[in-house]
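Below is one structure; the comments refer to it alone.
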Amino acid sequence: MKWIVAALMLVLLAYGLGRVYHPLTRLKKAVARREKLHQASVATQSIETRLRNGDLIFQTSQSAQSQAIQLATHSAYSHCGILFQKQGQWCVFEAVQPVSETSLAAWVARGQGGQFVVKRLHDAETVLTPPVLRQLQAAGEQYRGKSYDLYFGWSDERIYCSELLWKMYRQATGRQIGKLQHLREFDLSHPAVQAKMRERYGRKLPLNELVISPVRMLESAELVTVE
């Protein structure tokens, strides 16, 4: 009987500690998120005067699939978006779930280490005129609210980050920012990549599917580094 009472007391104690622990954990996470956002705000304020509408921004995502993308593309950069200024505030339009926009500071805070790279069309001053910028935004708006494409297909039904940017620029300017590749051209040898591929596709890998990766856009000769 004594051991039953002791066991019940341990359960109640663990339950009580758990009720205290979870709010504290949530509080600590909230404080950490706030601190990251503050640091990102400070970091982005220093470059805001150098940004231009239509700039592309790249980061290392902390999503579940980021590691596989990095391994398959041999690059740390696994996510990207496009910058537009709205009502005096810089926002990043991006393909997440769903396609939407977020503040620049929140976007930077979401990435690994708060690190990012900003790129710009090398002849943006002559190409990205106000009418073309309106076309660029309109090209993006047709995808707003669409689901993120976990399968990296080339159709417009669902869309992933670099595909969104590539198609926006192609439609508005006729430029191809980055070289398209077939899925078979990526390095699919790492176990983490193979596991993610099996999770997504099973045994039928769409090796001939066209794909544009963040790093192919980042390294495009069409772009120059802003920050």
Side-chain angles (χ1 to χ4, degrees), residues 21-22 25-37 39-40 43 56-83 91-117 140 143-167 178 180-219:
Y21 173 76
H22 289 304
T25 301
R26 288 196 294 269
L27 179 60
K28 288 179 180 179
K29 288 181 178 179
V31 170
R33 284 195 298 269
R34 187 180 293 273
E35 179 60 24
K36 285 180 66 176
L37 183 58
Q39 292 174 356
L56 305 182
I57 185 167
F58 300 79
Q59 69 177 190
T60 302
S61 168
Q62 299 189 79
S63 69
Q65 68 181 7
S66 180
Q67 182 193 24
I69 293 173
Q70 292 175 65
L71 290 167
T73 62
H74 294 174
S75 170
Y77 296 99
S78 57
H79 186 55
C80 52
I82 184 167
L83 287 157
C91 298
V92 181
F93 189 68
E94 59 178 338
V96 282
Q97 181 53 35
V99 175
S100 55
E101 64 193 17
T102 189
S103 71
L104 174 58
W107 193 89
V108 169
R110 212 172 62 210
Q112 184 174 307
Q115 301 298 308
F116 60 93
V117 174
Y143 297 106
R144 184 183 289 274
K146 290 205 171 187
S147 294
Y148 182 81
D149 189 356
L150 291 169
Y151 301 95
F152 302 110
W154 197 244
S155 77
D156 291 344
E157 295 305 309
R158 296 172 178 266
I159 197 157
Y160 56 91
C161 64
S162 42
E163 179 191 12
L164 172 67
L165 274 51
W166 195 95
K167 288 182 175 180
L180 294 177
Q181 297 174 278
H182 291 98
L183 187 60
R184 67 171 66 251
E185 297 177 64
F186 293 93
D187 184 354
L188 309 179
S189 62
H190 195 280
V193 177
Q194 293 176 3
K196 186 60 66 175
M197 296 280 283
R198 286 194 300 270
E199 175 188 316
R200 296 284 167 81
Y201 306 111
R203 296 182 179 180
K204 296 181 179 180
L205 304 183
L207 296 176
N208 291 320
E209 188 73 52
L210 283 175
V211 179
I212 180 67
S213 66
V215 68
R216 286 293 167 264
M217 298 194 75
L218 178 80
E219 296 176 344

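Scope of the values below: all heavy atoms of this structure, side chains included, with no hydrogens, waters or symmetry mates. Everything quoted here is computed from the prediction, not taken from an experiment. Position 1 is the first residue of the sequence, and the numbers go up from there.
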**OP:** Applying side-chain contact (heavy atoms from CB on, under 4.5 Å), run through W154 and K167 and close with a yes or a no.
**Re:** CA-CA 10 Å; W154 197 244; K167 288 182 175 180; 3.8 Å; yes

Subject >> Derivation and outcome, side chain to side chain donor-acceptor pair (under 3.5 Å), residues S66 and Q70 >> reply: CA-CA 6 Å; S66 180; Q70 292 175 65; 2.9 Å; yes

Short question: side chain of [X], backbone of [Y] - any donor-acceptor pair under 3.5 Å?
| X | Y | value |
| --- | --- | --- |
| H182 | R184 | no |
| Q59 | F116 | no |
| E101 | V92 | no |
| R158 | G153 | no |

Could you tell me the separation between the [atom1] atom of [X] and the [atom2] atom of [Y], rounded to the nearest 0.5 Å?
| X | Y | atom1 | atom2 | result |
| --- | --- | --- | --- | --- |
| L71 | L188 | CG | CG | 11.0 Å |
| L165 | C80 | CG | SG | 5.0 Å |
| S162 | L180 | OG | CG | 10.0 Å |
| Q67 | T60 | CD | OG1 | 12.0 Å |
| L164 | D149 | CG | CG | 11.5 Å |

Subject >> ring pair (Phe, Tyr, Trp, His ring centres under 6.0 Å), paired with F152, selected from Y160, F186, Y201 >> reply: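 Only one of Y160, F186, Y201 forms a ring pair (Phe, Tyr, Trp, His ring centres under 6.0 Å) with F152, namely Y160.
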
Are the side chains of [Y] and [X] in contact, using a 4.5 Å heavy-atom criterion?
| X | Y | value |
| --- | --- | --- |
| W107 | H79 | yes |
| F58 | M217 | yes |
| C161 | P214 | yes |
| L150 | Q65 | yes |
| F93 | R144 | yes |

Original post:
Yes or no on side-chain contact (heavy atoms from CB on, under 4.5 Å) for V96 and T102, after CA distance, side-chain angles and deciding distance?
Top reply: CA-CA 10 Å; V96 282; T102 189; over 6 Å; no

Original post:
Does the side chain of S61 come under 3.5 Å of the side chain of S63 through a donor N or O and an acceptor N or O?
Top reply: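 Indeed, the side chains of S61 and S63 share at least one donor-acceptor pair under 3.5 Å.
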
Subject >> Intermediate values then yes/no, side-chain contact (heavy atoms from CB on, under 4.5 Å), D187 and V193 >> reply: CA-CA 8 Å; D187 184 354; V193 177; over 6 Å; no

Subject >> Trace of the side-chain contact (heavy atoms from CB on, under 4.5 Å) decision for M197 with L183 >> reply: CA-CA 11 Å; M197 296 280 283; L183 187 60; 3.7 Å; yes

**OP:** Show your reasoning for whether salt bridge (Lys or Arg N to Asp or Glu O under 4.0 Å) applies to E94 and R110.
**Re:** CA-CA 13 Å; E94 59 178 338; R110 212 172 62 210; 2.6 Å; yes

